Amino acid sequence: MTFGFNALRLSGQRFGIGRYIEYVLKHWDPILRPDERVIVYVREPWDKASIGLSDAFEVKVLPSRLDGVWWENLVLGRYWRETDVLFCPSYTVPLTYRGKIVVATHSVNELTPGAHPWWYHLTYRPRNKLSARKADAVIVPMPSAKTDVARYYGIAPEKIDVVPEGVDDAFVPQEDEEVLRETRMRYLGDDSPYILFVGKFSQRRNIPALVTAFAELKQRDGIPHKLLLFGKNVHNLPLDEMAADLGVADSVVELNVPLADHRDVIPVYSGADLFVHPTAYEGFSLTICEAMACGAPVITVGRGAVAEIVDGAALTVDEPTPEKLAAAMRTALGDRDLRSSLRAKALERSKLFRFSECARGTLEVLRRVATS
């Protein structure tokens, strides 16, 4: 049996989808049957040895000036005869593809007002909906995402499989104090404690609200912390200007640091006094799972898939407003026992979300579709 894998998003620095692809491929390797092989389709050369893949994996480079959905439809779509089923891990499928397809739809976050720019509803939403409808099976990460995909994309529930995502087994607390001190010095420039956000600064993640909440604590409570924003500012938010206006320019650190290995972020999570994820909506959150696995006390929203992930193992707010975020951070920073309890609960809860199981569940869906 031959599985195709649309690995376009392996190119460049790997954020959520790129890491998802990497982890699924890596964890497929030891569980493939002797008669199974995987063709990994990419637009640019990629070395499978970088994640230790065996000869069961063939990397096929399909070079083109086209990128994104144009590459998927006009280039990848022509290769349908090579596989028994194609896995598309990032919302979209080649609509020109004539073979069997499984798509991963990680969220329907356009449902939340203000989650995206206005043009998203004219581009990504119809494209994602068409892709889910064309696919033979749709994989979602949490039950709430299944409900959303069924309701808003018009997909029959029996066509949707819930396969929780998770965290790689390498994500465990870094407890070496010297390593943690070196991490603070490297990224903060001094040995200050810090509050952390990791991820793309998407509109739905309310980074300006987090900066405002942090400024209130800094000015009213005099906390010694810095705010470390670790990720890509995809909408070019004027955070430097905002921090200066709020009087905390020297305490807000924005870092878009390409990591040679995503595991390099483990001590960043481990050293945080708080991990705050002020999202309006997520179908899943790799960074919340990673933070919990590294023992960081988490503050986030108590709704949708995020509530399903943390399930009592985080301090939650009903809305990610500056006032409510500031109140939650004040509560957590002022109570050492609460932070210790959140750490213990987070570590235990994170054990339920592992990419080894995600990969296994995904492969079972592909096997079923290929033989149906």
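Here the structure is a predicted model, which means the values were calculated and not measured.
Ala293 approaches Leu347 most closely through the heavy-atom pair O-CD2, 3.3 Å. Taking all atoms of both residues into account, the shortest heavy-atom contact from Gly166 to Phe355 is O-CE1, 3.2 Å. Nearest heavy atom pair, residue Ala145 against residue Val140, reads CB-CB, 3.9 Å.
Taking a cutoff of 4.0 Å between a charged side-chain nitrogen and a carboxylate oxygen, Lys345 and Glu348 do not qualify as a salt bridge. Salt bridge absent: Asp136 and Lys100 never bring a charged side-chain N and a carboxylate O closer than 4.0 Å. Salt-bridge check for Glu58 with Lys48: failed, with every basic side-chain N at 4.0 Å or more from each acidic carboxylate O. Arg184 has no carboxylate O lying under 4.0 Å from a charged side-chain N of Asp190, or vice versa, which leaves the two without a salt bridge. Under a 4.0 Å N-O distance rule, the pair Arg354/Glu357 does not qualify as a salt bridge. Ion pairing of Arg303 with Asp318 is absent here, as no side-chain N (NZ or NE/NH1/NH2) approaches a carboxylate O to less than 4.0 Å.
A donor-acceptor distance shorter than 3.5 angstrom exists from the side chain of Thr96 to the backbone of Asn73, with no hydrogens or angles considered. Under a 3.5 Å cut-off, the side chain of Arg9 and the backbone N or O of Ile21 do not form any donor-acceptor pair. In terms of modelled atom types and a separation under 3.5 Å, the side chain of Arg343 and the main chain of Cys294 share no donor-acceptor contact.
Here the two rings, on Phe57 and Trp28, have centers that are 6.0 Å apart or farther.
Distance check, rounded to the nearest 0.5 Å: NE2 of His27 to CG of Asp169 gives 5.5 Å. A distance of 9.5 Å separates OG of Ser251 from CD of Gln219, quoted to the nearest 0.5 Å. For the atom pair SG of Cys88 and CD1 of Ile139, the computed distance is 11.0 Å after rounding to the nearest 0.5 Å. The line from CD of Glu22 to CD1 of Ile51 is 5.5 Å long, rounded to the nearest 0.5 Å. One finds the CD atom of Glu319 at 6.0 Å from the NZ atom of Lys324 (value rounded to the nearest 0.5 Å).
Between the side chains of Glu282 and His106, not a single donor N or O lies within less than 3.5 Å of an accepting N or O. Side-chain contact annotation: Arg127 with Thr92, donor-acceptor N/O pair under 3.5 Å absent. A donor and an acceptor atom, one from each side chain of Asn128 and Tyr152, are nowhere located under 3.5 Å apart. Judged purely by distance below 3.5 Å, without hydrogens or angles, the side chains of His262 and Asp168 never pair a donor atom with an acceptor atom. Side-chain polar atoms of Tyr194 and Thr183 form no donor-acceptor pair below 3.5 angstrom. In this model, a donor atom of one side chain and an acceptor atom of the other lie less than 3.5 Å apart for Ser144 and Glu308. Residues Tyr20 and Ser90 have side chains that never bring a donor and an acceptor to within less than 3.5 angstrom of each other.
A heavy-atom distance below 4.5 Å is found between the side chains of Met329 and Ile195. Side-chain contact between Asn256 and Phe230 is absent, with no heavy atoms from C-beta onward closer than 4.5 Å.
Note: the hydrophobic cluster containing Leu237 also contains Val253 (ILVMFWY, side chain heavy atoms under 4.5 Å, direct or indirect links).
Applying the 6.0 Å contact sphere to CZ of Arg330 captures more than 12 heavy atoms from other residues, nucleotides or ligands. When the shell of 6.0 Å around CG of Asp261 is examined, it contains more than 12 heavy atoms from other residues, nucleotides or ligands.
Note: Phe197 and Phe275 have parallel aromatic rings, judged against thresholds of 30 and 60 degrees for the angle between ring planes. Between Tyr41 and Tyr79, the ring-plane angle classifies as tilted under the 30° and 60° cut-offs.
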Would Thr83 and Phe5 satisfy side chain to side chain contact (heavy atoms under 4.5 Å, CB included), going step by step from the backbone distance to the final call?
-> CA-CA 9 Å; Thr83 67; Phe5 201 119; over 6 Å; no
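Taking the side chain to side chain contact (heavy atoms under 4.5 Å, CB included) definition, one finds that Glu177 meets it with Leu180, sequence neighbours left out.
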